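See structure below.
The structure displayed is predicted, hence computed values, not measured ones.
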Amino acid sequence: MTGHPHAFLRTLSGEVLSPPPIWFMRQAGRYLPEYRAVRKEAGSFLDLCYNPELACEVTMQPIRRYDLDAAILFADILLIPDALGLDVWFAQGEGPRLEPVFAPEVLDRLDPANIHDRLSPIYETVERVRSELVPEKALIGFAGAPWTVATYMIAGRGSKDPSALRAFAYEHEDAFNDLIDMLVTTTAAYLIRQVQAGANAVQIFDSWASGLPEPFFRRYCLEPVRRIAEMVKVVVDVPVIAFPRACGPLYEDVAAEPLFAGVSIDTGLPWAWAAKHLSPHGAVQGGLDPLLVVQGGEPMREAARGLLKAFAGKPFIFNLGHGFVPHTPPENVAELVSLIRDHKG
Ligand code: CP3
C-alpha cells in the first residue's frame, strides 16, 4: 500500500496527511471493463446490488486497480424506496425509474417495519468487503439523504425540474413531512446495520440539495441529515460525511454541525472559499471536476495540483465533485492517483 495507513479515518479525525487519502465517488462502475463484465453476469443493476458475492467483487475492483485508501459499498441510494415496497427499476440508458408517489395515498402503502428483510444482502456485502480489505483501508457505507431520495420517489425519476417537487412539499405538507420522517428513521436504521456489519464511516448523499430557499434547505436537507447522524451516533461510533451537493454558502452551516466529521464539496464550490470557511470545522473532501478526468492530460494534472495546494495544511480527502462518468478512461484515473501519491506538500 502506497498511502498512509488508516489515512481516511485519520483525516476525518482532523489529522493533516501529505499526500492526502484518496477515493472517488462512483469509483466502481461502468467506466471499468471488469465492472461491465460482472454487471453482465449479474443481470440487472438491482440484481447486482442484492448479490453479496458480486457486489463485494465490484466494490473491490477499484481498490485492486488503484490501491485507494477507502472502498465504498456497492449499492444505491434507491434501495431504501425499494425496501419500503415501492417499485424501483433501472431502465437501460434512462437511469432509475420508480413508481411515483404523486398521490399521498401511495405513502400509506409503504412499510418501514420490514426493510431489513430486503436489505440483508447489503449487510452481507459489507461483511464480505470488510473481511477482504486490509485493515489499513476504510470501508465507507452510505445512503441517500431524505430530500434527494424523496425527489426520486415523488417524480418517479431523476428530476430535471425540482421546482415541481417543492410544489408537492408545499401543497401536501403533512404527507411530505411524514415521508421525510419515514426516510430519516429507515435511513438511520440502514446505516446502523451497515456499521454493525463492518462499515468504518458513512456518507450521506444529498445530490439534489441545490437551488433551494434557505429555510427549505434547513428544514428538509440539513435537519433530516443531522437527525440521521444523531440517531446513528447514539448506537455506533463512526464519522459521518455530509454531501449537500451544490448548496453554495450554506455549506458553512453544514460543516459547522458538530455531528459531521467532514463535508464533501461539489465541482462548483470555490476551493479557497472552502478552505477558509469549511476546513476550520473538520475534514473537507472532494472538489475535482470528474470531466477533467475524461479529458486527462495537463488540464487534469494542473487542477489536481491546484486542489492539493488549496487544502495544503488542512485535513483533506482527495475526491471528485461528483461521480466518474461512464466514458472516463481508467488510465487517466491511474495517472491522477500516482500524481497525488507522489505529491510533496
Ligand atoms: O462507487 C460508488 O460510488 C458506490 C456505488 C454507488 C452507486 N450509486 C452505484 C451506481 C453510489 C454511492 C451511488 C449513489 C447514488 N445513486 C446517488 C448519489 C450520488 C450522485 O451520483 O449524485 C444517486 C443520485 C443515485 C441514483 C442513481 N443510481 C442514478 C441517478 C443512476 C443512473 C445514473 C447512471 O450512472 O446510470 C444510478 C445507477 C447506478 N448507481 C450505477 C452505479 C454503478 C450505474 C448502473 C449500471 O451499472 O447500469
Whether Thr59 side chain and Ala55 backbone form a donor-acceptor pair below 3.5 Å: yes
Arg65 bridged to Glu34 by N-O distance under 4.0 Å: yes
Nearest heavy-atom neighbours spanning Leu110 and Pro112: O-CD, 3.4 Å
Parallel, tilted or perpendicular: rings of Phe24 and Phe318 (30°, 60°): perpendicular
Donor-acceptor contact present, side-chain Asp206 to main-chain Pro244, <3.5 Å: no
Between Gln27 and Gln61: side-chain donor-acceptor atoms closer than 3.5 Å: no
Proximity of Phe168 and His172 rings by center, below 6.0 Å: yes
NZ/NE/NH1/NH2 to OD/OE distance under 4.0 Å, Asp47 and Arg39: no
Thr148 side-chain N/O to Trp208 backbone N/O, donor-acceptor pair under 3.5 Å: yes
Distance, nearest 0.5 Å, that separates CG of Leu212 from CG of Leu250: 9.0 Å
Test applied, side chain to side chain contact (heavy atoms under 4.5 Å, CB included); reference residue, Arg128; option that passes from Glu132, Arg130, Glu124: Glu124
Ring center gap for Tyr220 and Phe176 short of 6.0 angstrom: yes
Closest contact, heavy atoms only, Thr11 versus Ala7: OG1-O, 2.7 Å
Salt-bridge contact Arg10-Glu136 (side-chain N to carboxylate O under 4.0 Å): no
Path from Leu78 to Met182 over hydrophobic side-chain contacts below 4.5 Å: yes
Full working for side-chain contact (heavy atoms from CB on, under 4.5 Å) between Val284 and Ile317: CA-CA 6 Å; Val284 173; Ile317 298 164; over 6 Å; no
Heavy-atom donor-acceptor pair, Ser159 side chain to Ala155 backbone, under 3.5 Å: no
Heavy-atom closest pair, residues Thr267 and Pro290: OG1-CD, 3.7 Å
Backbone N/O of Leu139 and side chain of Asn200: donor-acceptor pair under 3.5 Å: yes
Whether Asp67 side chain and Thr2 backbone form a donor-acceptor pair below 3.5 Å: yes
Euclidean distance, Phe316 CZ relative to Phe311 CZ, rounded to 0.5 Å: 5.5 Å
Backbone N/O of Gly323 and side chain of Arg26: donor-acceptor pair under 3.5 Å: no
Salt-bridge criterion met for Glu230 and Arg227 (N-O under 4.0 Å): no
Arg219/Glu173 salt bridge by N-O under 4.0 Å criterion: yes
Tyr123 ring center near His116 ring center (under 6.0 Å): yes
Polar side chain donor-acceptor pair, Asp174 to Asn177, under 3.5 angstrom: no
Close aromatic pair by centroid cut-off 6.0 Å: Phe243 and Phe142: no
side-chain hydrogen bond (donor to acceptor under 3.5 Å, both in side chains) partners of residues 304-331, not counting sequence neighbours, each pair once: Glu298-Arg305
Set of side chain to side chain donor-acceptor pair (under 3.5 Å) partners for Gln196, sequence neighbours left out: none
Shared hydrophobic cluster for Val325 and Tyr66 (ILVMFWY, side-chain gaps under 4.5 Å): no
Close aromatic pair by centroid cut-off 6.0 Å: Phe216 and Trp147: yes
Side-chain donor/acceptor of Asn332 to backbone N/O of Val293, under 3.5 Å: yes
Ring-face cation of Arg118 near Tyr50 (centre distance under 6.0 Å, axis angle within 45°): yes
Short side-chain to backbone donor-acceptor contact, Lys137 and Leu68, under 3.5 Å: yes
Main-chain N/O of Ile22 paired to Asp69 side chain as donor or acceptor, under 3.5 Å: yes
